[in-house]
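Contents: one structure, followed by commentary.
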Amino acid sequence: ELVLEMEKDILRLEIITDRFSKIGSKPTLENINIIELLNKTTHYLKSRFPEKVNITVRLPKNKILVPVSKVLFNWVIENICKNAVDAIKGNGEIDVSLIDENSHISINISDNGEGINRSIIKNIFKPGVTSKKRGWGLGLSLSKRIVEEYHKGSLFVMQSNKSVGTTFTIRLPKS
């Protein structure tokens, strides 16, 4: 069992290396079943997050093809979900849902944390902006660049309130 987990971690390091090698160069987009990709990514995250983090995944059953770079798009989902874990301080709810619209999809990632401080919300996607004590404030700026420049989509804060939490929305064109 330990060897299997070590193999997963080695694979994970290879993925991280692959991600960094793709930043700055135009990635190849493939028509991927976004439902399958989100299921695999959230399943992986569930096994890595604290036990008191409950991830609810609400996705349509049908196959939806979206042109993405699997490696880079996974990074975006992981980054937003890891930020949500920080926002709920390792104890709370994260909800991942997908809305299938005519020409695009919308992925909503919500948490029931404290919300984003009003003083930084307008600049949350700028490099160096962070509400955390640790970190460089690069995750959301890289995520936005990946979604908008490479995938021709959009990434934005749908809502953020102190009593409700935060919802990030990713909109991507369908194949």
Side-chain angles (χ1 to χ4, degrees), residues 15 19 22-23 26-46 48-49 53-88 92-118 120-127 129-131 137-175:
I15 290 169
R19 286 175 178 170
K22 285 183 175 22
I23 289 292
K26 188 168 173 70
T28 303
L29 303 183
E30 298 176 60
N31 286 324
I32 302 288
N33 179 0
I34 199 71
I35 303 301
E36 186 180 324
L37 181 72
L38 288 170
N39 275 322
K40 284 182 180 177
T41 303
T42 53
H43 179 76
Y44 171 81
L45 292 172
K46 284 179 185 181
R48 297 298 190 266
F49 285 167
V53 172
N54 183 37
I55 301 177
T56 303
V57 181
R58 295 179 293 120
L59 305 172
K61 299 286 184 229
N62 56 318
K63 183 177 185 177
I64 302 171
L65 295 178
V66 177
V68 296
S69 163
K70 201 185 314 190
V71 170
L72 292 178
F73 193 71
N74 266 339
W75 194 3
V76 170
I77 299 300
E78 286 181 27
N79 181 63
I80 295 170
C81 287
K82 286 178 181 178
N83 284 350
V85 170
D86 290 342
I88 60 177
E93 304 289 325
I94 298 172
D95 183 76
V96 178
S97 63
L98 183 142
I99 300 166
D100 184 7
E101 301 178 44
N102 290 333
S103 61
H104 66 276
I105 59 153
S106 293
I107 300 167
N108 295 313
I109 302 173
S110 304
D111 66 61
N112 65 340
E114 296 179 6
I116 301 170
N117 189 314
R118 289 277 166 229
I120 66 167
I121 200 161
K122 286 187 289 189
N123 299 311
I124 198 70
F125 294 105
K126 290 183 180 174
V129 175
T130 183
S131 61
L138 296 176
L140 286 175
S141 64
L142 280 172
S143 293
K144 189 166 184 75
R145 180 176 177 189
I146 289 166
V147 170
E148 292 184 356
E149 291 181 25
Y150 296 157
H151 294 90
K152 304 301 180 220
S154 60
L155 170 61
F156 54 94
V157 178
M158 174 66 82
Q159 66 84 26
S160 187
N161 297 309
K162 243 187 177 359
S163 59
V164 180
T166 300
T167 299
F168 281 89
T169 298
I170 302 166
R171 289 181 58 142
L172 295 174
K174 294 193 318 193
S175 297

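In this chain, numbering begins with 1 at the start of the sequence shown. All values below were derived from every heavy atom in this structure, side-chain atoms included, with hydrogens, water molecules and symmetry-related copies excluded.
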Are Pro67 and Glu30 side-chain neighbours, meaning at least one heavy-atom pair lies under 4.5 Å?
-> no
With the threshold set at 4.0 Å, does a side-chain nitrogen-carboxylate oxygen contact exist between Glu148 and Lys152?
-> no
Backbone of Glu101 reached by a side-chain donor or acceptor of Lys174 within 3.5 Å | yes
Going by atom types alone, do Glu93 and Asn54 pair a side-chain donor with an acceptor below 3.5 Å?
-> yes
Cys81/Ile109 under side chain to side chain contact (heavy atoms under 4.5 Å, CB included): CA gap, chis, key distance, verdict = CA-CA 7 Å; Cys81 287; Ile109 302 173; 4.1 Å; yes
To the nearest 0.5 Å, atom CZ of Phe49 lies from atom CD1 of Ile88 at 8.5 Å
Judged by atom type as modelled, is there a donor-acceptor pair below 3.5 Å linking the side chain of His151 to the main-chain atoms of Phe73?
-> no
Quick one: OG1 on Thr169 to CZ on Phe156, what's the gap to the nearest 0.5 Å?
-> 4.5 Å
Is Phe168 close to Asn83 at the side-chain level, that is, under 4.5 Å between some pair of heavy atoms?
-> no
When rounded to the nearest 0.5 angstrom, what distance separates CD1 in Ile105 from CG in Asn102?
-> 13.5 Å
Check: Ser141 side chain, Leu138 main-chain N or O, donor-acceptor pair, under 3.5 Å = yes
Considering non-hydrogen atoms only, spot the tightest contact between Thr167 and Asn108 and give its length.
-> CG2-CB, 4.0 Å
Do Leu172 and Val147 come within less than 4.5 Å of each other through their side chains, counting heavy atoms only?
-> yes
Spacing of CG belonging to Asn74 relative to CD1 belonging to Ile146, to within rounding of 0.5 Å = 10.5 Å
Donor-acceptor contact present, side-chain Asn79 to main-chain Gly139, <3.5 Å | yes
Is the CD atom of Glu114 crowded by more than 12 outside heavy atoms at less than 6.0 Å?
-> no
Would you mind telling me which of Asn39, Ile94, Leu45, Leu98 makes a side-chain contact (heavy atoms from CB on, under 4.5 Å) with Val57?
-> Asn39
Tell me, with the steps shown, if Asn62 and Asp100 meet side chain to side chain contact (heavy atoms under 4.5 Å, CB included).
-> CA-CA 10 Å; Asn62 56 318; Asp100 184 7; 3.9 Å; yes
Check: Ile116 main-chain N/O paired with Ser160 side-chain donor or acceptor under 3.5 Å | yes
With no hydrogens and no angle check, do the side chains of Ser175 and Asn31 hold a donor and an acceptor under 3.5 Å apart?
-> yes
Do Ile34 and Ile32 touch side chain to side chain, with heavy atoms closer than 4.5 Å?
-> no
Would you give the length of the straight line joining atom NZ of Lys144 to atom CD1 of Ile170, rounded to the nearest 0.5 angstrom?
-> 11.0 Å
Ignoring hydrogens and angles, tell me if any N or O in the side chain of Ser69 forms a donor-acceptor pair with the backbone of Pro27 under 3.5 Å.
-> no
Separation of Arg58 CZ from Ile99 CD1 (nearest 0.5 Å) = 8.5 Å
Classify the side-chain pair Asp95/Thr56 by whether it contains a donor and acceptor separated by less than 3.5 Å.
-> no
Test item: Arg145 and Tyr150 side chains (from C-beta on) under 4.5 Å apart, heavy atoms = yes
